[in-house]
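Here the structure is a predicted model, which is why all the values come from computation and not from measurement.
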Amino acid sequence: MSTEATSPGAPIRRRGRPRIDLRRLGRVALLGPVSRDRLPDAIGHVAEAHRAHHPDADLSILHRAYVLAESSHRGQMRKSGEPYITHPLAVTLILAQLGAETTTLTASLLHDTVEDTDVTLDQVRDQFGKEVCYLVDGVTKLEKVDYGAAAEPETFRKMLVATGDDVRVMSIKLADRLHNMRTLGVMRPEKQARIAKVTRDVLIPLAERLGVQALKTELEDLVFAILHPEEYERTRALIDAASAHPDGSGAARQDPLAAIAENVTTVLREAGIPAEVLIRPRHFVSVHRVGIKRGELRGTDFGRLLVLVGEDADCYAVLGELHTCFTPVISEFKDFIAAPKFNLYQSLHTAVVGEDGAVAEVLIRTHRMHKVAEAGVIALGNPYAAESGTGPQAAEPADGERADPTRPGWLSRLLEWQQSAPDPDTFWTTLRADLAQDREITVFRTDGGTLGLPAGASCVDAAYAQYGDEAHNCIGARVNGRLATLGTVLSDGDTVQLLLAEDAASGPSPDWLDHARTPAARIAITGWLDAHPEDTRGPHGGRPAESGPEQQSHGHSRPGPQPQEPAGTGPAAGRAASAVVDLPDATVRLAGCCTPVPPDAVTGFVVRGGAVTVHRLECPAVARMRSVGRSPVGVSWGDATECRVTLVAESFGRPRLLADLTEAIATADAAIVSATVEPPSEQRVRHTYTLQLPDAAGLPSLMRAMRDVPGVYDVSRAQHPAATV
């Protein structure tokens with residue numbers, strides 16, 4: 001993305017992002033291509049933006065791609081009433097402004113032809129080569145007629161697998177979603193909300209992980225406006241008020257950042273450091289988050305200073321001058337140059353105090369760092385060109401195997417665990433949970449290797465990352481040379497040694513799910529527990545995740561599993577939480593994997609000792625046990641109505657949220673047995689409540705009451721509740 005910059009001593013200017021008149025482009029597109037010796041006017045803006053980043057680019061392939069796209073989409077209209085060709089043009093323009101190379105732009109112009117017209121992949125391959133064909137195929141949706149409700153999750157799975165081989169696939173998808181979000185106003189409100197939620201849960205985290213901040217920030221604002229219109233309008237009013245003159249004249253108010261920016265410019269000029277100082281306004285969601293963090297916004301909270309320099313060493317020189325000539329806010333200092341973020345981002349972050357006490361946040365980076373900060377992987381260009389030095393086509397291996405040198409570690413892990421989640425619903429749910437992890441750590445193995453894990457990962461996650469299914473036999477760990485529980489949360493730079501039992505017959509405890517943060521660990525543990533429903537004792541007689549090879553005196557421990565009553569005895573015989581089975585005198589247990597409650601449709605299976613475990617019909621364990629020949633047992637709900645259930649509330653963080661949620665629960669006469677609030681991630685908070693209800697019939701109204709709490713956007717039944725449930 002091109003950046004408006006200033007030279008030292010020049011007036012400070014705000015960075016703008018000009019928009020192209022797509023309706024005018026649509027009218028031009030209807031006229032079709034012009035003479036062979038020049039590009040059609042409709043893609044003149046694309047060519048201009050492309051040449052700004054790639055002056056020597058050959059535009060003839062873009063000309064041919066436009067001609068094919070325009071002719072194949074001719075007669076198709078968008079819901080907005082514009083010719084359909086305006087969509088691939090707009091998507092391609094977005095990518096051109098971010099600096100994408102020619103192959104990506106060619107595929108972008110053609111990205112909907114195979115999906116929506118008579119053009120075939122063979123035609124694309126014959127006319128534009130294998131690289132363009134691969135990218136177009138990667139973003140082509142699967143047909144609903146073939147996949148039904150699974151079409152959307154399976155389409156995303158297909159795109160992610162293709163992205164694993166070529167990150168340019170997701171670049172096109174992100175730009176495609178951005179333009180669709182810009183024009184979403186013509187859709188029905190319920191469809192707008194559905195698309196916005198998928199954008200929030202999947203596309204925005206992917207943009208963040210791929211470092212494409214320019215797309216991420218605009219997507220965030222568009223989603224914010226759709227899903228939280230009242231908060232969006234309040235934020236808009238705050239921004240308007242901050243820029244309006246106090247006498248109501250409408251004239252622009254003196255930007256409080258401008259004075260600090262002028263002082264910074266003077267300091268750096270006198271120090272002889274060539275630098276550009278820019279004022280970068282915060283986008284809507286950023287202003288909203290700062291408001292939540294600080295309670296009351298100051299004038300300098302609506303933007304940040306950006307200092308651009310030529311070399312890495314200049315960044316630290318700028319930092320030294322700022323900390324010498326201004327009062328620094330030390331707690332705000334972060335060095336993402338020495339330790340880049342996992343999404344390629346590099347910058348120095350600091351904050352300084354101006355003469356009037358105003359605090360300004362400052363970002364310091366080189367021009368190259370700035371380009372990568374804005375465009376992420378798109379700024380890396382063609383990942384194969386460096387291997388061959390002769391362009392995108394030359395890097396194609398003869399056997400069709402591809403290996404993208406830009407593939408980040410988190411994507412490799414995602415591609416690994418998705419192979420263990422063949423069920424579309426499991427994949428879709430797990431993908432959203434995985435993408436909610438917005439920070440990564442590196443831990444060291446004792447054999448000299450490293451493991452990349454999401455922040456908050458435990459020794460359980462490290463075990464499955466290193467050993468796969470062999471981690472079922474893990475009995476403990478050493479962290480930095482000291483014995484540690486499997487539930488120990490790891491920090492960046494820790495050294496971890498996983499201890500495995502020689503007894504291959506052992507398996508994971510249900511408690512491990514309390515500590516597993518990675519999808520690979522959760523899928524592996526859940527798969528083992530579903531395949532062994534009669535054995536929930538954990539490895540070696542029920543050792544919970546909190547116990548290692550030796551009980552730690554400094555750690556807490558949970559009580560071990562309670563002795564089981566013989567089948568057919570005790571108060572639970574034949575029923576549990578009002579579940580009645582067709583086997584007289586059998587002990588009945590409610591499955592912990594799906595927490596059935598009245599009036600759920602349920603079934604049961606006989607497990608070790610003659611007991612019957614009751615599952616909801618849609619529980620994945622039911623299909624697995626039927627597939628291995630286990631016969632179901634009839635189950636009905638008896639007269640008793642009291643039940644225990646685990647609910648998960650997803651929300652945006654805000655003050656008093658926990659108090660309002662617990663008040664809603666108490667108003668529904670539900671008792672809180674246990675509650676867990678996970679650390680916020682991207683301003684999203686997950687609350688898990690185990691509740692005792694006097695009447696199962698009140699569960700739907702309770703969930704509605706929780707959803708009505710401001711800031712809560714979803715309440716669902718837990719799929720993996722705590723072992724105490």
Side chain to side chain contact (heavy atoms under 4.5 Å, CB included) for Cys315 and Thr366? Distances and angles first, verdict last. CA-CA 7 Å; Cys315 295; Thr366 66; 3.8 Å; yes
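- For the atom pair CG (Leu348) and CE (Met369), the distance works out to 7.5 Å, reported to the nearest 0.5 Å.
- Here the rule is side-chain contact (heavy atoms from CB on, under 4.5 Å) with Ser651, and of Asp714, Val685, Val677 only Val685 fits it.
- A heavy-atom distance below 4.5 Å is found between the side chains of Trp512 and Leu486.
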Begin with the C-alpha distance, continue with both residues' side-chain angles, and end with the deciding distance and a verdict on side chain to side chain contact (heavy atoms under 4.5 Å, CB included) for Val362 and Val307. CA-CA 7 Å; Val362 186; Val307 180; 3.9 Å; yes
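- Salt bridge absent: Arg517 and Asp461 never bring a charged side-chain N and a carboxylate O closer than 4.0 Å.
- Formation of a donor-acceptor pair under 3.5 Å by the Arg522 side chain with backbone atoms of Ala516 is found in this model.
- The side-chain heavy atoms of Asp423 and Trp428, taken from C-beta on, include no pair separated by under 4.5 Å.
- Here the shortest heavy-atom pairing between Asp447 and Gly449 reads OD1-N, 3.0 Å.
- Applying the salt bridge (Lys or Arg N to Asp or Glu O under 4.0 Å) rule to pairs touching residues 328-338 yields nothing, sequence neighbours excluded.
- Nearest heavy atom pair, residue Val212 against residue Ala375, reads CG2-O, 3.5 Å.
- Heavy atoms from other residues, nucleotides or ligands lying under 6.0 Å from NZ of Lys197 number 12 at most.
- Closest approach of Trp528 to Gly507, counting heavy atoms only: CZ2-CA, 3.4 Å.
- Residues Asp165 and Tyr134 have side chains that bring a donor and an acceptor to within less than 3.5 angstrom of each other.
- Contact check for Val372 versus Arg368: side-chain heavy atoms found under the 4.5 Å cut-off.
- Counting all heavy atoms, side chain and backbone alike, Ala675 lies closest to Tyr689 at CB-CD2, 3.7 Å.
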Between Leu319 and Thr350, does a side chain to side chain contact (heavy atoms under 4.5 Å, CB included) hold up when you go through it step by step? CA-CA 8 Å; Leu319 180 70; Thr350 190; 4.1 Å; yes
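- The two residues Leu95 and Ser171 have their closest heavy-atom pair at CD2-O, 3.6 Å.
- The six-membered or imidazole ring of Phe333 lies away from that of His349, with a centre-to-centre distance of 6.0 Å or more.
- One finds no salt bridge joining Glu220 and Arg200 here, because no Lys/Arg side-chain nitrogen approaches an Asp/Glu carboxylate oxygen to under 4.0 Å.
- Under the rule for a side-chain hydrogen bond (donor to acceptor under 3.5 Å, both in side chains), Asp425 has no partner lying at least two apart in sequence or in another chain.
- Taking the side chain as every heavy atom from C-beta outward, Leu215 and Leu98 approach each other to under 4.5 Å.
- Proximity of Thr518 to Pro454: side-chain heavy atoms (C-beta onward) are separated by under 4.5 Å at one or more points.
- The main-chain N or O of Leu500 is never found under 3.5 Å from a side-chain atom of Asn473 such that the two would form a donor-acceptor pair.
- Under the 3.5 Å distance criterion, with hydrogens and angles disregarded, a donor-acceptor pair is assigned to the side chains of Thr646 and Thr690.
- Within 6.0 Å of atom CD in Glu618, more than 12 heavy atoms from other residues, nucleotides or ligands are found, so the atom counts as buried in its surroundings.
- Between the CD atom in Glu131 and the OG1 atom in Thr103 there is a gap of 6.5 Å [rounded to 0.5 Å].
- Judged purely by distance below 3.5 Å, without hydrogens or angles, the side chains of Arg177 and Thr199 pair a donor atom with an acceptor atom.
- Leu451 CG to Asp494 CG: the interatomic distance, rounded to the nearest 0.5 Å, is 11.5 Å.
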Could you go through Val309 and Val318, starting from their C-alpha distance and side-chain angles, then the distance that decides it, and tell me whether this counts as side chain to side chain contact (heavy atoms under 4.5 Å, CB included)? CA-CA 9 Å; Val309 295; Val318 169; 3.7 Å; yes
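- Evaluation of the salt bridge (charged side-chain N to carboxylate O under 4.0 Å, His left out) rule for Asp314 yields no partner, not counting sequence neighbours.
- The local environment of NZ in Lys158 is crowded, with over 12 non-hydrogen atoms from other residues, nucleotides or ligands closer than 6.0 Å.
- Arg365 and Ala373 make their closest contact through NH1-CB, 3.7 Å (heavy atoms, listed as atom of the first residue, atom of the second, distance).
- No side-chain heavy atom of Leu415 sits under 4.5 Å from any side-chain heavy atom of Thr163.
- Electrostatic pairing of Glu650 and Arg432 does not count as a salt bridge here, judged by no charged N lying under 4.0 Å from a carboxylate O.
- Annotation: Tyr467 is not in aromatic contact with His472 [ring centroid separation under 6.0 Å not met].
- Contact of the Cys459 side chain with the Thr485 side chain is not registered, since no non-hydrogen atoms from C-beta on lie closer than 4.5 Å.
- No donor-acceptor distance shorter than 3.5 angstrom exists from the side chain of Ser108 to the backbone of Thr104, with no hydrogens or angles considered.
- If you take CG on Leu453 and OG on Ser491, they are separated by 11.5 Å, rounding to the nearest 0.5 Å.
- Side-chain contact, Trp417 with Asp434: a donor N or O sits under 3.5 Å from an acceptor N or O.
- Interatomic distance, CD1 of Ile523 versus OG1 of Thr430, reported as 4.5 Å (0.5 Å rounding).
- A donor-acceptor pair shorter than 3.5 Å cannot be found between the side chains of His687 and Thr676.
- Between Arg157 and Gln418, the side chains place a donor N or O and an acceptor N or O closer than 3.5 Å (distance only, hydrogens not considered).
- Looking at Met170 and Lys173, their side chains come closer than 4.5 Å, going by heavy atoms from C-beta outward.
- Expressed to the nearest 0.5 Å, how far OG1 of Thr155 lies from CD of Glu152 amounts to 7.5 Å.
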